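Treat the numbers as computed from the prediction; the structure is a model and nothing was measured.
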Amino acid sequence: MLKSTICVNEDREAWEPSLRVLLTSLSLYCPGMGISLFYPFANQAFRRWLGAYPQVQLQATGLRNDYGWNVKPQAIMRLLDAGFDEVIWIDSDMFVTRDIRPLFNGLDEAVLVATEATCSLDRSDHDGDGLRAQLWQLPVGRVLPWASLNSAVLRVTRQHYSLLKRWWELLQSDEYQSCQRKEWRKRPIHMQGDQDVLTALLTSTEFAHIPLKTLRRSKHIVQFDGVWGYTTAERLRNLLGDGPTFIHSMGSKPWVARWELEGPHHRREYLKMVYLDLSPYTLSSAKVKRDLGCDTNWMRAHYKLSSILRFLAMRHPALTGLPIAVFFDIARLIKRVHESMFQRLDAPRYNAGTSCVRD
């Protein structure tokens, strides 16, 4: 058997509520599964709370600073160097709904696991023809049959060490670091974040031989990225099926949100904030709020509309935001019809990319 650990990192003190949510849900559904935690802001109060979770080992030596989410390969290599054969990375803004081990048990050591990217309206998830590898000037070795990868959940082993080193090298490059100082929307698509670099490497000839297992949206993970995240079709699948193992709070974070936009002068932003107030992450996290040992006021309903929708849907994570999801999906469809018309009129200069419609 492989010596395995879950790797969790958080370098923002204001994000501690989500860190507690993840650790509590992992303890609830994955008892006995080792967790290696990097958290430089662990004060005495946090350490006392952590004492109730003996499966979590707070790492004495911190990671290199100022890398944010780009720290993943560094953290994973640190644990592989410490003697682990397998590391399962989980972002700190995640809720686990069941035991995660069945997703990884029995996998060959050569298999790398990542997640499917969110379905974005601007098609930034598209990686047709190995686009990210090409932009990094890497020869393309394969094209992914879906959109680009998301690194919220990763499973790597010692066999992927050379990939991790190369990933870490590119994330430290001057060109990449310069792009990270720009506003997110102004970054080139191959340098928006660490997962775009990982996608480039895995589609390059150097690493195209690595077998991939992708955790799919809705079936395995909810990528709740605001209005782009949890579509009507994905919600209906979860209502009729077993539901996902992971719920990822992407985009705006409810535990640090400013709930100030109630009123007629901010209707569009108000609707977005109501949708955030109906986050499946928040509704799921409320199940463990008594065990968090911190302020959980962010979990309550902040608007009349969200309070009503929570009540009518009995706070079900998939059902509660369904009416607003339908509204946003119709708006998405209208925009794509408009894009399709534009494509027919100006086909030589327009690249439509891939659709987010899935089987």
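- Residue F327 qualifies as open at atom CZ: its count of foreign heavy atoms under 6.0 Å is 12 or below.
- Looking at Q159, its side chain never comes within 3.5 Å of a backbone N or O of V156 through a donor-acceptor pair.
- Using modelled atom types, no side-chain atom of D277 and backbone atom of S306 make a donor-acceptor pair closer than 3.5 Å.
- The one candidate from R216, H248, Q223 that meets the side-chain contact (heavy atoms from CB on, under 4.5 Å) condition with T115 is Q223.
- Between I221 and M94, some side-chain heavy-atom pair lies under the 4.5 Å cut-off.
- Salt bridge absent: R98 and D242 never bring a charged side-chain N and a carboxylate O closer than 4.0 Å.
- Classified by interplanar angle (parallel below 30°, tilted 30° to 60°, perpendicular above 60°), the ring pair F95/Y29 is perpendicular.
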Apply side chain to side chain contact (heavy atoms under 4.5 Å, CB included) to D196 and M191, showing your working.
-> CA-CA 6 Å; D196 299 291; M191 296 188 187; over 6 Å; no

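- Here the shortest heavy-atom pairing between L171 and Y176 reads O-CD2, 3.2 Å.
- Under the 3.5 Å distance criterion, the side-chain polar atoms of R237 are left unmatched by any main-chain donor or acceptor of K219.
- Side-chain atoms of Q134 come within 3.5 Å of backbone atoms of D129 as a donor-acceptor pair (strictly under, hydrogens ignored).
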Take F104 and S4 through the test side chain to side chain contact (heavy atoms under 4.5 Å, CB included) and record every step on the way to the result.
-> CA-CA 11 Å; F104 307 103; S4 178; over 6 Å; no

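- Taken together through direct or relayed side-chain contacts under 4.5 Å among Ile, Leu, Val, Met, Phe, Trp and Tyr, M314 and I308 form parts of separate hydrophobic clusters.
- Note: D11 CG to L63 CG = 8.5 Å, rounded to the nearest 0.5 Å.
- Not one N or O on the side chain of T320 forms a donor-acceptor pair closer than 3.5 Å with the backbone of P317.
- Using a cutoff of 4.0 Å between basic side-chain nitrogens and carboxylate oxygens, K186 and E183 are not scored as salt-bridged.
- Counting heavy atoms from C-beta outward, I88 and T5 have side chains that stay 4.5 Å or more apart.
- The hydrophobic clustering, which links ILVMFWY residues whose side-chain heavy atoms are closer than 4.5 Å, places L2 and V113 apart.
- Open room surrounds NZ on K165; 12 or fewer heavy atoms of other groups in view lie less than 6.0 Å from it.
- Side-chain contact between R78 and F38 is present, with at least one heavy-atom pair separated by less than 4.5 Å.
- For the residue pair L276 and S252, the shortest heavy atom distance occurs at CD1-O, 3.6 Å.
- At least one side-chain heavy atom of Y53 sits less than 4.5 Å from a side-chain heavy atom of V56.
- At least one donor-acceptor pair closer than 3.5 Å links the side chain of K253 to the backbone N or O of S249.
- Atom OG of S204 is separated from atom CG of L202 by 7.5 Å, given to the nearest 0.5 angstrom.
- Inter-residue side-chain proximity for R132 and L201 is flagged as unmet; no heavy-atom pair is nearer than 4.5 Å.
- A single hydrophobic cluster is seen to contain both L58 and I35, as judged by linkage of ILVMFWY side chains at heavy-atom distances under 4.5 Å, directly or through other members.
- Within a 6.0 Å radius of CG in N43, more than 12 heavy atoms belonging to other residues, nucleotides or ligands are found.
- Listed for the H316 side chain is a donor-acceptor partner under 3.5 Å among the backbone atoms of A318.
- Ring pair Y275/F224 is tilted by interplanar angle, where 30° to 60° counts as tilted.
- Minimum heavy-atom separation, W89 to S151: CD1-O, 3.6 Å.
- The minimum heavy-atom distance between V111 and R155, with the atom names listed, is O-NH1, 2.6 Å.
- Side-chain N or O atoms of Q55 include one that pairs as donor or acceptor with a backbone N or O of C30 at under 3.5 Å.
- A 6.0 Å sphere centred on CG of D174 holds no more than 12 heavy atoms belonging to other residues, nucleotides or ligands.
- Taking 4.5 Å as the limit, some side-chain heavy atom of L278 sits within range of a side-chain heavy atom of R310.
- Side chain of S218 to backbone of E234: a donor-acceptor contact under 3.5 angstrom is found.
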Which is it for S18 and D93 under the side-chain hydrogen bond (donor to acceptor under 3.5 Å, both in side chains) test, yes or no, and what are the steps along the way?
-> CA-CA 5 Å; S18 67; D93 53 356; over 6 Å; no

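- No side-chain heavy atom of V143 sits less than 4.5 Å from a side-chain heavy atom of T203.
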Take D85 and K3 through the salt bridge (charged side-chain N to carboxylate O under 4.0 Å, His left out) test and state the conclusion after the steps.
-> CA-CA 5 Å; D85 303 308; K3 184 180 180 182; over 6 Å; no

Step by step, would you call R235 with L240 a side chain to side chain contact (heavy atoms under 4.5 Å, CB included)?
-> CA-CA 9 Å; R235 289 174 181 270; L240 298 173; over 6 Å; no

Could you please spell out the steps behind the side-chain hydrogen bond (donor to acceptor under 3.5 Å, both in side chains) verdict for S92 and E10?
-> CA-CA 6 Å; S92 64; E10 184 50 69; 2.5 Å; yes

side-chain hydrogen bond (donor to acceptor under 3.5 Å, both in side chains) evaluation trace for D329 with T232 | CA-CA 7 Å; D329 281 353; T232 301; 2.7 Å; yes

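- Grouping the Ile, Leu, Val, Met, Phe, Trp and Tyr side chains by contacts below 4.5 angstrom, directly or via other members, places V140 apart from L112.
- Nearest heavy atoms, T97 versus P244: OG1-O, 2.5 Å.
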For V222 and M250, what are the C-alpha separation, side-chain angles and deciding distance, and is it a side chain to side chain contact (heavy atoms under 4.5 Å, CB included)?
-> CA-CA 10 Å; V222 168; M250 302 177 68; over 6 Å; no

Verify side-chain hydrogen bond (donor to acceptor under 3.5 Å, both in side chains) between Q59 and Y39, making sure each step is shown before the conclusion.
-> CA-CA 8 Å; Q59 301 301 296; Y39 182 50; over 6 Å; no

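- Rounding to the nearest 0.5 Å places OG1 of T245 at 9.0 Å from CG of D99.
- In this structure, W255 has its ring center under 6.0 Å from that of Y281.
- A distance of 9.5 Å separates CD of Q192 from CD of Q180, quoted to the nearest 0.5 Å.
- Without hydrogens or angle criteria, E86 side chain to F84 main chain gives no donor-acceptor distance under 3.5 Å.
- At a threshold of 4.0 Å, the pair D91-K72 counts as salt-bridged, since one of the basic side-chain nitrogens sits closer than that to a carboxylate oxygen.
- V197 and Y161 fall within a single hydrophobic cluster, where Ile, Leu, Val, Met, Phe, Trp and Tyr are joined by side-chain heavy atoms under 4.5 Å apart, directly or via other members.
- Relative to the ring axis of W49, R20 places its NZ or CZ within 45° and under 6.0 Å from the centre.
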Y270 vs Y303, ring-ring contact (aromatic ring centres under 6.0 Å, His included): CA-CA, chis, key distance, verdict | CA-CA 9 Å; Y270 169 65; Y303 305 110; 5.3 Å; yes

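- For the pair P254 and W259, the tightest heavy-atom approach, listed with the atom from each and the gap, is O-CZ2, 3.6 Å.
- With contacts defined as side-chain heavy-atom distances shorter than 4.5 Å, the pair L154/L198 qualifies.
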